[in-house]
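Reading through the structure tokens given below for one structure.
Any value given below was found using the heavy atoms of this structure, including those in side chains, with hydrogens, waters and symmetry copies removed. Just so it is clear: chains get the letters A, B, ... in the order the sequence lines come, proteins before strands, and each one is counted from 1.
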Amino acid sequence: MQTVEKRIESSEITNLGVNLPNWMINRREDALTRANEIGLPSHQDEEWRFTPFRNLLKHNCSQSKKVSLNQKDIEPFLSLCSRDAIVFVIINGFLDESLSMLDHGIEGLNVFNLQRAIKESEENVNRVDSLISNSKLPYFAALNKAVHQDAVLINIKRNARINRPIHLLNISVNTSQEALIHHPKVQVVAEEGSESFFLESFNSIGDGISYTNGVTEFLLEKNSRVEHVKLQDESEENYHLYWSNIHQQNDSNYKGCSITYGAQFSRNDVSSFLDGENIECTLDGAYVINGDQVSSNHTRLDHAKPNCYSFQVYKGILDDKSNGVFNGKIFVHEDAQKTDAKQSNQAILMSDTATVHTKPQLEIFADDVKCTHGCTVGEMNKDPMFYLRSRGVSEDDAKALLVYAFANEVIENISNDYIKNKIEEMLFKKLKRK
Amino acid sequence: MSTEILESYTQREYEWGFVSDIEEDALPPGLNEEVIKAISKKKEEPEWMCEWRLNAYKKWQELQEPTWHNVHYPKVDFQDIVYYSAPKQKPKLNSLDEADPELVRTFEKLGIPIEEQKALAGVAVDAVFDSVSVATTFKEKLHEVGVIFCPISEAIRDYPELVKKYIGSVVPVTDNFYASLNSAVFTDGTFVYIPKGVRCPMELSTYFRINAAKTGQFERTLIVADEDSYVSYLEGCTAPMRDENQLHAAVVELVAMKGATIKYSTVQNWYPGDKDGKGGIYNFVTKRGKCDDNAKITWTQVETGSAITWKYPSVILKGDNSIGEFYSVALTSGKQQADTGTKMIHIGKNTRSTIVSKGISAINGQNTYRGQVKVNAGADNARNYSQCDSMLMGDRCGAHTFPYIDVKNKSATVEHEASTSKIGEDQIFYFRQRGISAEDAVNMIVSGFCKEVFKELPMEFAVEAQKLLAVSLEGSVG
């Protein structure tokens, strides 16, 4: 069988130069067993049935090493977020202490790397870690859990309102000929009544082939609010795998938005477990791909308790030979009466060779619920195009404008204006890139 | 709604559960090449048909029983099934008077008034009792316009070229586990051929009925509509109460040539098992049609019976400008499980498809819609609209939707919508306030919910379908 990562010795899992507690070592070993059990994706696997992953398995990667960058290298990426951002730079999965604002001086915000997290906040690490059992992890998430070498633990204290955006700047660096893989991991505990905004960006430096296998986990305690924008703009040589798990308690509000521009292959799995009442959860996303890019987006919402709301809008814009997949699952458990779940998925095909597979999926076990999903696939509407052309707008500009209008339904929901404008700017750039 | 009414409503007993006492001519249970040869011999089939069956049997042995569906049932022992059973008297009749009086009584209990139907609706009824057709009417009238409407075993003997050309052309013997099994052991079914430019003068209808215990019924239906012809075919079934699970694996193939239209309607009411899920029919059906240029195929189904339903009437839109339609009402109550939907494969240019699926789940019923809309690269301007709505009654039932949408052509427009709802207390209140009982109110709401599908059914079926829903839902209001 082909492997993404060269054979992993169990010593690699535990010898990180960090004193890991026993429970963590056990769980890492268990996760490795789990990963080996499931094995790499196959088309027999319903979760991977439509994702063209052949290229993904082409390379045999080694794990990335810790590298350091200087302020100048990261400058272009800092502009993704407004100047008031509290920036944490994660290079090849390692939190870079010299570039990160660890001394931000903001009350109620604690950020640790793996070593310090274990020392100072082991309980929180354990809490987030046990939200989902290893036996439920898919292959890449299990791999991440087994072998990640560093992690970022963020703890928003009780009733803290962090009014500056927190920027988690992920950079994958590979200048070698060899394909490298790294496993960034972020864990967020948003305590009762807290409010925070995250921009999690993924970028790359160097011509080498990088695999990013990221895992981000959120625990939202009672009455907390989190807004989370994920922006992926890695080089088109890269492979991007991302698995995010959100666990929400009573009255919490999670608003997520996943934007995909880069990487030749990207797969996003976002799931939220609504484990309380009066929860609101938004999982939005947009992917804009061209060339040979593949983007596979999967969401899963578990309505476990009554009176919760969920909203999902996913938009795809596909040009050239690109290939898009969307699978959105909504599970309404037996007791989750008065659930209101909405999902919509739309894709525009801009070329004759682009392909889209979509599978919105509803599984409902309670009777007093409102669940709707809708999806459309089609080409751009000709009438507005004609309207713009008749007013002297060039074809390219008109196209860009219409696509922008299409994607904007997702982007405009981002509350931070600076980031919203930045993402729009990148969209125009991406549309004109070819 | 009060749980009481709901319960009294869903727990209505299966009305058509009785066993008629007719001597059986059956093969011993089990499946091997000898059994297939014996079936073929009993049916007086030509050599090529027997080989076709044996080939299918070989392919079947290589195939795995599918497990991807969202239904759960104990494993079927394929060696414990009787693959051939026929009423011993095998009358060839011109009128009902000549039929076995026991059989006629059975039909009367079922409420199939053949005589009345003859007179009233002008429907030719080819009643299949177990596996052999016993009464065929209106044959002569159809004969005048050149329409062939006969049991498939007769067609194999009398029109071998037609059958040989089209059988397996839409559902190949290797298609899936149950289709292969059917190809190997089918005992009877219906063959219809509509010649060029002919509009079939009446609705064609067949009633199926499983009778002998332990007898799997393997129907094979082949409908060929030649260029610019039109036919509307109705199929309806009821089955008596049984303790042991019975397997039903039918194959239906529709061939619509240039400009032809086929309407295929089904009302399915096999025995669903008792309220603890004991007994009941396993219904694993493969239905598929192929459209040439400008042809149109419409599937309409009302599925209220069976313990397990596994059925995806599909249309291959091969020709340019062809149209595929799928209208479905699936009701699962008690412990019933249904995994049903459709496949629309757009290959030709300007092809259009419409899917309207209504799922109703009550008590512990599990209802799954599974559909695929596939637009190939060459299918310019393909258009699809899908709508699947679910209604839940009770908090122990489930509704699942798995739509697969694969588009490889940018000029295609594909839309899918789904919603889930319940019968609102306010709606019931509104009815009650006007002196209408809760039960009637639910019936009205449900038939309103399903109206879009019922209006596609031929008149007499629409009436029957509404009655069936009402009966099946008894006890689920509350």
Side-chain angles (χ1 to χ4, degrees), chain A residues 44 46 49-50 306 316 318-321 323-382, chain B residues 1 6 68 70 359 361-364 366-378 380-425 476 478:
Chain A
Q44 264 75 47
E46 182 69 26
R49 216 171 117 202
F50 296 106
L318 302 99
D319 205 346
D320 305 330
K321 283 193 205 151
N323 201 316
V325 180
F326 174 78
N327 175 211
K329 297 193 190 85
I330 298 175
F331 288 83
V332 179
H333 295 227
E334 273 180 18
D335 301 322
Q337 301 293 3
K338 309 273 178 203
T339 287
D340 190 349
K342 291 192 179 69
Q343 183 193 71
S344 130
N345 165 237
Q346 293 175 306
I348 287 191
L349 298 179
M350 314 258 292
S351 80
D352 284 327
T353 41
T355 305
V356 67
H357 302 268
T358 133
K359 188 186 159 204
Q361 188 176 328
L362 284 177
E363 302 223 25
I364 297 161
F365 294 92
D367 63 341
D368 191 7
V369 299
K370 269 195 274 179
C371 289
T372 56
H373 68 191
C375 77
T376 58
V377 177
E379 67 181 328
M380 216 156 10
N381 212 329
K382 291 195 176 80
Chain B
M1 262 175 281
L6 243 179
W68 45 262
N70 195 20
S361 318
I363 310 184
N364 294 306
Q366 296 294 331
N367 209 326
T368 304
Y369 167 81
R370 186 188 301 276
Q372 185 182 31
V373 176
K374 193 170 179 175
V375 179
N376 282 8
D380 292 345
N381 304 317
R383 184 85 177 80
N384 163 268
Y385 172 74
S386 312
Q387 181 191 341
C388 22
D389 298 327
S390 310
M391 185 180 267
L392 293 110
M393 299 184 190
D395 52 3
R396 290 289 169 264
C397 54
H400 316 264
T401 323
F402 302 86
Y404 294 79
I405 294 150
D406 305 318
V407 184
K408 292 193 173 168
N409 187 303
K410 72 161 184 174
S411 60
T413 307
V414 178
E415 288 171 289
H416 175 95
E417 258 186 295
S419 71
T420 300
S421 53
K422 68 172 278 189
I423 297 178
E425 279 156 39
S476 63

In Å and rounded to the nearest 0.5 Å, what is the CG to OG distance from A/Asp352 to B/Ser411?
7.0 Å

Check B/His400 against A/Ile364 and note the closest heavy-atom contact, atom names and distance.
ND1-N, 4.4 Å

So among A/Leu349, A/Thr353, A/Asp319, A/Leu318, which one has a side chain to side chain contact (heavy atoms under 4.5 Å, CB included) with B/Lys410?
A/Leu349

What part of A/Gln337 is in contact with chain B, defined as an atom under 4.5 angstrom from a non-hydrogen atom: side chain, backbone, both or neither?
side chain

Option in B/Cys397, B/Ala382, B/Ala399 with maximal non-hydrogen atom pairs under 4.5 Å from chain A
B/Ala399

Chain B interface, residue from A/Gly378, A/Gly374, A/Cys375 that has the most non-hydrogen pairs under 4.5 Å:
A/Cys375

To the nearest 0.5 Å, how far apart are NZ in A/Lys359 and NE2 in B/His416?
12.0 Å

Among the options B/Ser361, B/Gly398, B/Pro403, pick out the one with the most heavy-atom pairs lying under 4.5 Å from chain A.
B/Pro403

Just wondering, are more than 12 heavy atoms of other shown residues or ligands nearer than 6.0 Å to NZ in A/Lys370?
no

A/Phe331 versus chain B, the contacting section by heavy-atom distance below 4.5 Å
neither

About how many Å separate CD of B/Glu417 and OG1 of A/Thr376, when rounded to the nearest 0.5 Å?
10.0 Å

Pick one of side chain, backbone, both or neither for A/Thr358, based on which atoms fall under 4.5 Å of a heavy atom in chain B.
both

Does any heavy atom of chain B fall under 4.5 Å from the side chain of A/Met350, the backbone, both, or neither of them?
backbone

With chain A, the option among B/Asn384, B/Asp406, B/Asp389 that has the most non-hydrogen atom pairs under 4.5 Å is B/Asp406

With rounding to the nearest 0.5 Å, note down the distance linking CG in B/Asn409 to OG1 in A/Thr355.
10.0 Å

Ranking B/Val375, B/Leu392, B/Val407 by heavy-atom pairs under 4.5 Å to chain A gives rank one to B/Val407

So for A/Glu46, is it side chain, backbone, both, or neither that comes closer than 4.5 Å to the heavy atoms of chain B?
side chain

Rounded to the nearest 0.5 angstrom, the OG1-CG distance for B/Thr420 and A/Asp367 is 11.0 Å

Contact class of B/Gln366 relative to chain A, heavy atoms under 4.5 angstrom
side chain

For A/Leu362 versus B/Ala418, what's the shortest heavy-atom pair and its separation?
CD1-CB, 4.3 Å

In Å, rounded to the nearest 0.5 Å, how long is the span from OH of B/Tyr404 to CD of A/Gln361?
6.5 Å

